[in-house]
Amino acid sequence: MPGPVEDAVLTALRVAVDASEQVRGTTSPNPPVGAVILDAHGVIAGVGATTPVGGPHAEVMALRAAGARARGGTAVVTLEPCNHQGRTGPCALALVEAGISRVVFAAADPSPQAAGGAQTLLASGIEVVAGVGADEVERGPLRAWLHRQRTGRSHVTWKFAASLDGRSAAADGTSQWITGAESRARVHAQRARLDAIVVGTGTVLADDPWLTARDPDGGLAAHQPLRVVVGEREIPATARVLDDAAPTLLMRTRDPHEVLAALSDHPDVLLEGGPHLAGAFLQAGLVDRILAFLSPVLLGAGTAAVEDAGVGTIAQALRFERESVETVGTDLLLSLTPGA
């Protein structure tokens, strides 16, 4: 566990986390890292975040912003500075050359190719403090990237909206809108930070969704995730998901493992539907988080949020642990992770 650090470092870490969140979805396959440089007096001198592939990493961007004020200062980073030469140089070396006297980072880098930055810094006489804010960072912007590094596959979040009795659509098939405007706005904000959205052909045929990320004014967000449609049925050429607003991948499969194999360069994947596709991913053990938007309405009949999840008896129930619960407008948002 890290020792106590001063308030300026904790404030800088929050700024770094915010910076990393702003670029989430735009940096893959690299991690969305945030970095802050404090000058020798503990004042923020520069803020940076990872740029798209081939561009500078967060530490370099923050050092550029800080300029000469970096010398003798502290670097606060959400991830251990990298130690390898790729498209760009090692961030650990950049910090050494800039005259940084101390580096504080949250999460250790599990990548064999990039790890070792802390040792390089220590060998250069730089003080290193590891693990500050690790829980926040590992459950936040770096969740998906760290998951892929540790497991070898994309992190899958299943998002669904349902009534209190677990219905995603009414008896006549209508589903717009079960949840409120605030929940829908939250979903669009999440989409703008994703690498890919996965739906089945059934959802496309039933709802004809765009699956785009939109700003509050209704315009397209700057970043659009890859839209992935899986299944063996044909979808019409006029389907909205085939427009040019965002890239689309059509996959002739129902196998969740095949889907994730095709998305190996997309760490953060959102599963949006429908109930049979969700059931297939759950049965395969490939759901890493559930985001459940629950509306205070009862439908009494209609489409269930999930089908065919491989549960035949209560002893086989798929149990999840509560990560967080919050109110979004009139709805509840539950964030759940698989139980032990």
Side-chain angles (χ1 to χ4, degrees), residues 1-20 23 27 29-51 55-143 145-150:
M1 294 291 291
V5 294
E6 61 270 30
D7 289 345
V9 168
L10 297 178
T11 297
L13 180 63
R14 287 191 289 271
V15 174
V17 170
D18 289 343
S20 65
V23 299
T27 67
N30 293 333
V33 178
V36 172
I37 304 299
L38 299 174
D39 67 16
H41 304 289
V43 178
I44 292 179
V47 179
T50 309
T51 59
H57 292 185
E59 296 92 327
V60 173
M61 295 299 292
L63 287 170
R64 288 180 181 178
R69 293 175 62 193
R71 186 161 297 278
T74 296
V76 181
V77 194
T78 57
L79 183 68
E80 178 184 3
C82 68
N83 198 44
H84 78 300
Q85 176 70 49
R87 293 184 177 94
T88 60
C91 292
L93 181 58
L95 293 167
V96 172
E97 293 176 343
I100 288 292
S101 64
R102 181 174 59 157
V103 174
V104 179
F105 66 84
D109 193 330
S111 168
Q113 295 81 15
Q119 286 76 13
T120 294
L121 295 167
L122 287 167
S124 300
I126 295 175
E127 179 187 355
V128 175
V129 182
V132 176
D135 288 346
E136 177 184 1
V137 167
E138 293 190 7
R139 289 174 55 178
L142 287 177
R143 178 200 294 256
W145 185 85
L146 287 170
H147 178 274
R148 189 184 62 172
Q149 294 299 314
R150 293 165 176 166

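- A distance-only check finds a donor-acceptor pair linking the side chain of Arg148 to the backbone of Pro29 [under 3.5 Å].
- Within the 4.5 Å cutoff, the side chain of Glu6 has heavy atoms near those of the Val9 side chain.
- With Thr78 contributing its side chain and Val17 its backbone, the two residues share no donor-acceptor pair below 3.5 Å.
- No side-chain donor from either of Asn30 and Thr50 sits under 3.5 Å from a side-chain acceptor of the other.
- Taking each heavy atom of Ala35 and Ala16 in turn, the nearest pair found is N-CB, 4.0 Å.
- Remark: Arg64 CZ to Ile37 CD1 distance equals 13.0 Å, nearest 0.5 Å.
- The shortest side-chain heavy-atom distance between Val96 and Leu121 falls under the 4.5 Å cut-off.
- Across every non-hydrogen atom of Ala118 and Val128, the tightest pair is O-CG2, 4.0 Å.
- Among residue pairs with one or both ends in residues 119-139, those qualifying as salt bridge (charged side-chain N to carboxylate O under 4.0 Å, His left out) are Glu138-Arg150, Arg139-Glu323; sequence neighbours excluded.
- A heavy-atom distance below 4.5 Å is not found between the side chains of Thr27 and Trp145.
- Side chain of Ser101 to main chain of Gly73: a donor-acceptor pair is present (N/O by atom type, distance under 3.5 Å, no hydrogens or angles).
- In terms of heavy atoms, Glu80 sits closest to Gly116 at OE2-N, 3.5 Å.
- Taking CD1 of Ile44 as the reference point, atom CG of Leu38 lies at 6.0 Å (rounded to 0.5 Å).
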Query raised in the report: Taking it one step at a time, do Val104 and Thr74 satisfy side chain to side chain contact (heavy atoms under 4.5 Å, CB included)?
Result: CA-CA 7 Å; Val104 179; Thr74 296; 4.1 Å; yes
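- Atom CG in Leu95 sits 5.5 Å away from atom CG in Leu63 (nearest 0.5 Å).
- Nearest approach of Pro110 to Gln149, heavy atoms of both residues: CG-CB, 3.6 Å.
- Among residue pairs with one or both ends in residues 34-50, those qualifying as salt bridge (charged side-chain N to carboxylate O under 4.0 Å, His left out) are Asp39-Arg69; sequence neighbours excluded.
- Between Ser20 and Gly34, the closest heavy-atom pair is CB-N, 3.4 Å.
- The heavy-atom pair separating Pro141 from Pro32 by the smallest distance is O-CG, 3.4 Å.
- For Ala40, there are no side chain to side chain contact (heavy atoms under 4.5 Å, CB included) partners at least two apart in sequence or on another chain.
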